[in-house]
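Because the structure is a prediction, the values reported are computed rather than measured.
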Amino acid sequence: MWLIESPLGTFLFQAPKKAKRRQQAEGGSSNVFSMFEQSQIQEYKEAFTIIDQNRDGIISKDDLRDVLASMGQLNVKNEELEAMIKEASGPINFTVFLTMFGEKLKGADPEDVIVSAFKVLDPEGTGSIKKEFLEELLTTQCDRFSAEEMKNLWAAFPPDVAGNVDYKNICYVITHGEEKEE
């Protein structure tokens, strides 16, 4: 999993295994560029350019190390960088980078399904859940989140001053890849 913060926003990169299996089961892939609007493709291209520090058109382990260092993450282990690179099936050029996002979005449930799942945890219908409650669920049930994953979640979706997490925003970002304009 990659969490990259840039002037364009926070990007959480993860190549989901579920989506890859579904795509293989369906018998191939479609044009990845048709999965996104032109404005989204431009945003992903800008993010790719930020990450591709040496501007050779391929995101390498050194590019990742450099962009993470520029964001203050100086002690990233080689194994972590190698794991990030290995999430792709080959060299990470822009098309592969975009495909990783396409697979992530293709593997996600529709927004209304995810919101409905959260609503079960929100009987008052406030649109938010207490941070402590959500953290307890995510670290003790099913596919448990690690401490690092929780840190990344709170970095991407910080709770408000009362300790509430806006789950509708989380659902929107999961399914659309960017925060709603207020």
Side-chain angles (χ1 to χ4, degrees), residues 1-22 40 43-44 47 50-51 59 61 64-88 92 97 100-182:
M1 181 182 333
W2 309 1
L3 179 67
I4 306 288
E5 295 182 29
S6 76
L8 300 172
T10 301
F11 298 94
L12 182 63
F13 305 113
Q14 184 172 356
K17 295 172 181 78
K18 179 178 166 186
K20 288 181 182 175
R21 283 194 298 271
R22 184 180 297 155
Q40 290 175 304
E43 288 176 8
Y44 289 133
I50 290 168
I51 299 167
I59 294 176
K61 189 168 62 169
L64 290 175
R65 183 184 319 283
D66 291 346
V67 76
L68 290 169
S70 73
M71 296 183 306
Q73 297 182 22
L74 303 173
N75 297 321
V76 181
K77 296 177 184 167
N78 264 339
E79 297 80 31
E80 293 175 89
L81 296 171
E82 288 169 9
M84 289 180 192
I85 294 296
K86 287 181 182 174
E87 288 184 27
I92 305 174
F97 183 78
M100 291 171 75
F101 279 98
E103 288 175 345
K104 181 179 187 301
L105 294 174
K106 185 176 179 183
D109 288 320
E111 183 177 6
D112 63 325
V113 171
I114 301 170
V115 169
S116 293
F118 274 105
K119 281 184 179 178
V120 171
L121 307 172
D122 179 24
E124 291 84 33
T126 63
S128 64
I129 300 174
K130 287 290 185 188
K131 174 190 178 209
E132 294 79 19
F133 177 61
L134 184 57
E135 187 162 339
E136 181 181 342
L137 286 174
L138 293 174
T139 58
T140 63
Q141 307 294 317
C142 299
D143 289 333
R144 297 178 180 144
F145 276 42
S146 68
E148 182 71 18
E149 288 171 322
M150 290 309 304
K151 178 181 165 194
N152 291 341
L153 176 67
W154 302 139
F157 304 103
D160 65 18
V161 293
N164 297 309
V165 179
D166 177 2
Y167 64 80
K168 290 181 179 180
N169 185 46
I170 294 173
C171 296
Y172 185 87
V173 172
I174 289 170
T175 56
H176 295 87
E178 58 190 47
E179 289 194 47
K180 284 185 181 180
E181 298 286 327
E182 299 277 336

Who pairs with Asn78 by side chain to side chain donor-acceptor pair (under 3.5 Å), at least two apart in sequence or on another chain?
Arg65

Could you pull out all residues at least two apart from Glu82 that satisfy side chain to side chain donor-acceptor pair (under 3.5 Å)?
Lys61

Nearest non-hydrogen partners of [X] and [Y], listed with the distance:
X      : Y      : value
Glu135 : Thr139 : O-OG1, 2.8 Å
Phe118 : Cys171 : CD1-SG, 3.4 Å
Ile85  : Ile59  : CD1-O, 3.7 Å
Gly163 : Glu132 : O-OE1, 4.4 Å
Met100 : Ala88  : SD-CB, 4.0 Å

Taking only residues two or more places apart in sequence, or in another chain, which ones meet [X] in a side chain to side chain contact (heavy atoms under 4.5 Å, CB included)?
X      : result
Val113 : Asp109, Pro110
Asn164 : Ser128, Lys130, Asp160, Ala162
Leu138 : Leu134, Phe145, Met150, Leu153
Ser116 : none

Hey, is the main chain of Ile129 close enough, under 3.5 Å, to the side chain of Asp122 for a donor-acceptor pair?
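The answer is no, because no donor-acceptor pair under 3.5 Å joins these two groups.
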
Donor-acceptor pair, distance only, cut-off 3.5 Å: does the side chain of Glu149 make one with the backbone of Ser146?
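Such a contact is found between Glu149 side chain and Ser146 backbone.
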
For Leu81 and Leu68, what are the C-alpha separation, side-chain angles and deciding distance, and is it a side chain to side chain contact (heavy atoms under 4.5 Å, CB included)?
CA-CA 10 Å; Leu81 296 171; Leu68 290 169; 4.0 Å; yes

Contact check, side chains of Val165 and Trp154, non-hydrogen atoms, under 4.5 Å
yes

What orientation do Tyr44 and Phe97 show, parallel under 30°, tilted 30 to 60°, or perpendicular over 60°?
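Tyr44 vs Phe97 ring planes: perpendicular.
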
Phe157/Val173 under side chain to side chain contact (heavy atoms under 4.5 Å, CB included): CA gap, chis, key distance, verdict
CA-CA 10 Å; Phe157 304 103; Val173 172; 3.7 Å; yes

